[in-house]
Amino acid sequence: MNRPVEEMKQPYARRWWALLVLCLSLLIIVMANTALTVAAPDMTKDLGLSSSDLQWVIDGYTVPYAALMLLLGAIGDKYSRRGALVLGLVVFGAGSVAGSLVDSSGGVIAARAVMGFGAAMIMPATLSLLAATFPKAERAKAIVLWTATAGLAIAAGPLVAGALLEDHGWASTFLINVPIAAVAIVGALLLVPPSKAGHSNRIDYVGGLLSVVWTGALVYMIIQGPHFGWDAKAISAAVVAGVGLLAFVAWELRHPHPILNVRRFLDRRFSGSNLAVALFFLAVFGAFYYLTQHLQFVLGYNPLETGVRMLPLAGAVFVGSALTGYLTPRIGMKITVSAGMVAGTVALALLTQVDASSSYGDFVAPLIVLGLAIGLALSPCTDAIMGAFPESELGVGGAVNDTSLELGGSLGIAILGSVLASSYSSNLADAAAESGTKLPNGALDTAQDSVGAGYAVAQGIGDKAHEVAGQAAKATSPEQAAQLKGQAEQLAQGAGKMADAVGSAFSDSVAHTSLVGAVILGVGTVLVAALLPRKSASAAAVPEDADADAADADAADADAAGADEAVRERELQR
């Protein structure tokens, strides 16, 4: 496909096929994170990863992904949005191949960082190409499908990884990205029209580099502080993030063609939408982080069974997305988004009832409600964020939306993960004391590290019981046999009590962490509802009002930007 979309007088005929390619590209970069939560136990055993290593295997992807999106989105706008998509897929595929071949923690972390670099090109390109290819009357529907794909990927990651781990090693969860990326590259070249900005302004590289510095430092701080302690590294990252953000804002306010017009955040609809996206993914990623652990470790499901049991979430996302496409034009974005956030809060509140006796059935309702909430809230917010940018800055608009998403997800795993770890450690110490279980030196400290480590300690005690029982069978005297048999029975009872204590402690921690998440999202719901205007222009408006809504949105953008030149450019494009 060689004809640029900007030169077409009519809407691109194969735009829905192009959307399929964009959604496929989105699918693999979201699945790259969620699939790893299922593959992590096998990877930990095979490579001997410490808890610190595992954390950076996960977050080695997140830091470059979040930090580079804004700069790479602007570069894609200027030179080629489709080129950014294809190059990102090539880099992502290369990182996936490398990740499947390495045999050390450092190698996996480096491969994941390369994948994050590729994802930083892919993610904003998918949204910018979507917005450039679809006319405004259809853009909201396309964004609904884009959002539904993101929700599907959250649940599909564990399912695909679980299926692969049935017969293959953890490296297969990297390799599955390669054929999908290859299909997406071919599809992009055949079906997605080229697109780039219609201006020749130089890229604000200073602003772009400042955005990389403050965003990267902020994400590093979010990861380092809660998980590894507020040492010199975390505090230094916090200082760099704060100074970098101030320098970025000051530079952007003075630059004639900033990489991001920060005055847009004065618009309530724009800032409220970004806040909603960040808060929602804080709750979703945080909940996903501990739900997959509970299903695998406490309820004992294997990776494939865990993935299957996350499917109600994916199905509910599609239902919620269909509802928002129907409701938003009729009742307005404010009500739809607020309803979605209330539903998300309710889902987390339902999880506060989890205890040691909970079965999978107790998780079905929260998963369905959470999926409906994702579908209801995110599409209107993404549509509002993209609608705030002129056609020449669609890549930057996609990057802003995706950065809010990624920062929210990182905060969710950091904050709720930290609450979970602290609560679990405290609960396990109390449960072990109440049960009267005698543990070897250092065993409790090891068990408090994670729920997986806790069950490993219980398994170790059980293995010791079997060993002593074997010695009893070979004893040369009845007295020695009886003594060893008694020790074996005590160890077996201790192993059972330890396993029960770990399960109970983690279940109670899930309930406590869900309460914290529900409070955060509930407060956020009030803030978002206060920020979003009652009536606002929306790309999801009914077709007969589309032109008037677009004019209102453009005028608001022009006021925020203070740039008459941008107004003239948009009028010419229109």
Side-chain angles (χ1 to χ4, degrees), residues 19 22-23 25-27 29-30 66 69-70 73 81 122-134 136-154 260 264-265 267-285 317-318 320-329 332-334 336-341 344 371-391 393-409 528 531-532 536-541 549-550 553 557:
L19 178 63
L22 300 180
C23 288
S25 304
L26 171 69
L27 186 73
I29 62 175
V30 177
M69 271 193 287
L70 188 60
R81 291 162 180 154
I122 297 169
M123 191 72 157
T126 60
L127 265 180
S128 62
L129 285 165
L130 182 156
T133 304
F134 281 83
K136 289 187 177 180
E138 295 179 345
R139 191 177 293 176
K141 295 178 182 178
I143 288 177
V144 164
L145 293 174
W146 185 91
T147 304
T149 301
L152 172 65
I154 292 173
L260 172 63
R264 284 196 175 89
F265 287 94
D267 183 285
R268 290 168 54 191
R269 184 166 176 260
F270 180 75
S271 57
S273 297
N274 277 285
L275 179 62
V277 169
L279 286 170
F280 219 93
F281 272 86
L282 184 154
V284 170
F285 274 58
V317 170
F318 275 94
S321 298
L323 285 174
T324 196
Y326 175 81
L327 293 175
T328 303
M333 172 191 173
K334 181 185 179 84
T336 307
V337 173
S338 299
M341 296 189 71
L372 287 171
I374 294 171
L376 277 173
L378 293 183
S379 295
C381 291
T382 299
D383 188 29
I385 292 169
M386 294 302 295
F389 289 85
E391 300 295 318
E393 298 179 16
L394 292 176
V396 173
V400 170
N401 178 85
D402 301 334
T403 301
S404 296
L405 183 156
E406 195 60 29
L407 286 176
V528 169
L531 274 174
L532 292 176
S536 58
S538 173
D549 287 347
D557 180 73

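Between the side chains of T382 and W146, no donor-acceptor pair of N or O atoms lies under 3.5 Å.
Salt-bridge check for E391 with R139: passed, with a basic side-chain N closer than 4.0 Å to an acidic carboxylate O.
Between the side chain of T324 and the main chain of S321, no donor-acceptor pair closer than 3.5 Å is present. Between the side chain of R264 and the main chain of F270, no donor-acceptor pair closer than 3.5 Å is present.
Counting all heavy atoms, side chain and backbone alike, G340 lies closest to A373 at O-CB, 3.1 Å. In plain terms, the two heavy atoms of G395 and R81 that are nearest each other are N-NE, 4.3 Å.
Rounded to the nearest 0.5 angstrom, I122 CD1 and I29 CD1 are separated by 5.5 Å. For the atom pair CG (L22) and CG (L145), the distance works out to 11.5 Å, reported to the nearest 0.5 Å. To the nearest 0.5 angstrom, F134 atom CZ is 10.0 Å from I143 atom CD1. One distance of note links CE of M123 with OG of S25; it measures 11.0 Å at 0.5 Å rounding. Taking CG of L282 as the reference point, atom CG of L405 lies at 11.5 Å (rounded to 0.5 Å). Atoms CG and CD1, on L378 and I385 in that order, are 9.5 Å from each other to the nearest 0.5 Å.
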Hey, mind stepping through L394 and L127 against side chain to side chain contact (heavy atoms under 4.5 Å, CB included) and telling me if it holds? CA-CA 8 Å; L394 292 176; L127 265 180; over 6 Å; no
Go through it in stages, so that I can follow the logic: the residues are L323 and L376, the test is side chain to side chain contact (heavy atoms under 4.5 Å, CB included), and I'd like the CA-CA distance, side-chain angles, deciding distance and then a yes or no. CA-CA 7 Å; L323 285 174; L376 277 173; 4.1 Å; yes
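Contact annotation: the side chain of V400 never approaches that of P124 to less than 4.5 Å [non-hydrogen atoms, C-beta and beyond]. The shortest distance between side-chain heavy atoms of R268 and L532 does not fall below 4.5 Å. With a 4.5 Å cut-off on side-chain heavy atoms, V337 and F280 do not count as touching. Counting heavy atoms from C-beta on, the side chains of N274 and F265 come closer than 4.5 Å. Looking at L19 and L130, their side chains come closer than 4.5 Å, going by heavy atoms from C-beta outward. The shortest distance between side-chain heavy atoms of M333 and R269 falls below 4.5 Å.
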